[in-house]
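Please read all numbers here as calculations on a predicted model, not as lab measurements.
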Amino acid sequence: LKTNPMKKTIFKLSFILIAFLSFTACSSADSTYAPTGTLEGVWNTGKTYGTGTGSGLNLTFEGDSEGTVNFKSDGTYDSNLIGGYVTVTIPALNQNQTTPIEPIAESGNYTYNAATDDLVLDGETSKVVLLNANNMKIKTLVDQDGVIAEIYTEYNR
């Protein structure tokens, strides 16, 4: 049986994005803003979206997840992802693939610097681009396995 190379590419991109939904990130160079809320506490996971390139093609990412992240005052966090999905679309080829997100529970360490908006989770840095009493948005830059992307993940209380 012959496999379609584009389906393999879409699957690979979906897998990379799902891996990054678990807070793996690269640093970002956004300008700072003044947060009006606190990171500590329980946040509900939500929408994920972004754009990127892979295998020389433009990509879009869209997803939604259900679960929680608890940022504790001692610098640790617990993440409990119940499920969700991520869709990778290649507009030039009119192709997309939706991949389910499997349940996963993780714990680790974090630091948050409100002056620079850097959120470091287990050594990987993202930017907090919105933080108030009820909403948070995190920007993650991905550069892995030929995929370069800018991914936003939204949370709410």
Side-chain angles (χ1 to χ4, degrees), residues 10 12-90 98-157:
I10 293 174
K12 180 179 176 183
L13 298 173
S14 295
F15 181 78
I16 290 170
L17 183 58
I18 289 170
F20 279 92
L21 287 175
S22 299
F23 293 114
T24 304
C26 299
S27 65
S28 170
D30 274 2
S31 59
T32 60
Y33 79 103
T36 60
T38 179
L39 185 76
E40 292 176 6
V42 177
W43 293 91
N44 299 306
T45 62
K47 294 190 181 300
T48 298
Y49 53 91
T51 59
T53 59
S55 299
L57 298 168
N58 291 329
L59 313 165
T60 61
F61 305 95
E62 179 184 312
D64 204 355
S65 62
E66 183 179 348
T68 59
V69 179
N70 183 9
F71 291 101
K72 300 175 186 178
S73 61
D74 65 358
T76 63
Y77 73 90
D78 294 319
S79 172
N80 184 21
L81 191 59
I82 297 168
Y85 72 92
V86 62
T87 300
V88 177
T89 302
I90 304 174
T98 300
T99 305
I101 300 170
E102 299 296 323
I104 186 170
E106 296 181 327
S107 296
N109 297 305
Y110 80 93
T111 59
Y112 173 59
N113 183 330
T116 63
D117 304 319
D118 288 337
L119 174 61
V120 181
L121 293 147
D122 297 324
E124 301 292 333
T125 304
S126 290
K127 287 288 185 183
V128 175
V129 296
L130 171 69
L131 178 60
N132 61 40
N134 298 312
N135 298 291
M136 176 172 57
K137 186 188 306 185
I138 297 175
K139 176 183 175 181
T140 303
L141 297 181
V142 176
D143 186 354
Q144 178 181 344
D145 296 332
V147 175
I148 298 171
E150 183 175 276
I151 308 296
Y152 292 89
T153 307
E154 296 180 351
Y155 301 84
N156 64 60
R157 292 194 209 247

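In this structure, the side chain of Lys47 does not engage the main chain of Tyr155 through any donor-acceptor pair within 3.5 Å.
Residues Lys137 and Val128 are not in side-chain contact: their nearest non-hydrogen atoms beyond the backbone lie 4.5 Å or more apart. Put simply, the side chain of Met136 reaches to within 4.5 Å of the side chain of Leu39, judged on heavy atoms.
Looking at Glu154 and Tyr152, their side chains never bring a donor and an acceptor atom within 3.5 Å of each other. Donor-acceptor pairing under 3.5 Å is lacking for the side chains of Tyr77 and Glu106. Side-chain atoms of Thr60 and Thr51 form no donor-acceptor pair, as typed in the model, at a separation below 3.5 Å.
Atom OG1 of Thr140 sits about 8.5 Å away from atom CG of Leu119, to the nearest 0.5 Å. Going from atom CD1 of Ile148 over to atom OG1 of Thr53 covers 4.5 Å, rounded to the nearest 0.5 Å. In this structure, OG1 in Thr76 is found 8.0 Å from CG in Asn70, a value given to the nearest 0.5 Å. The distance from the CH2 atom of Trp43 to the CG atom of Asn156 is 8.0 Å, given to the nearest 0.5 Å. Ile82 CD1 to Glu66 CD: the interatomic distance, rounded to the nearest 0.5 Å, is 4.5 Å. A distance of 9.5 Å separates CG of Asn80 from OG of Ser107, quoted to the nearest 0.5 Å.
In plain terms, the two heavy atoms of Thr89 and Thr87 that are nearest each other are OG1-CG2, 3.8 Å. Between Asp122 and Gly108, the shortest heavy-atom contact is OD1-CA, 3.3 Å. Considering every non-hydrogen atom in both Gly54 and Leu59, the closest pair reads N-CD1, 3.6 Å. In terms of heavy-atom proximity, Tyr110 sits nearest to Tyr112 at CD1-N, 4.1 Å. In terms of heavy-atom proximity, Phe61 sits nearest to Ala149 at CE1-CB, 3.6 Å. Closest non-hydrogen pair, Leu121 versus Phe71, comes out as CD2-CE2, 3.8 Å.
Residues satisfying the side chain to side chain donor-acceptor pair (under 3.5 Å) test with Thr45, not counting sequence neighbours, are Ser65. Contacts of Thr38 classified as side-chain contact (heavy atoms from CB on, under 4.5 Å), with partners at least two apart in sequence or in another chain: Glu40, Arg157.
Between Lys72 and Asp78 there is a salt bridge, with a side-chain nitrogen of the basic residue lying less than 4.0 Å from a carboxylate oxygen of the acidic one.
Just one of Ile138, Thr48, Val86 meets the side chain to side chain contact (heavy atoms under 4.5 Å, CB included) condition when paired with Ile151; it is Thr48.
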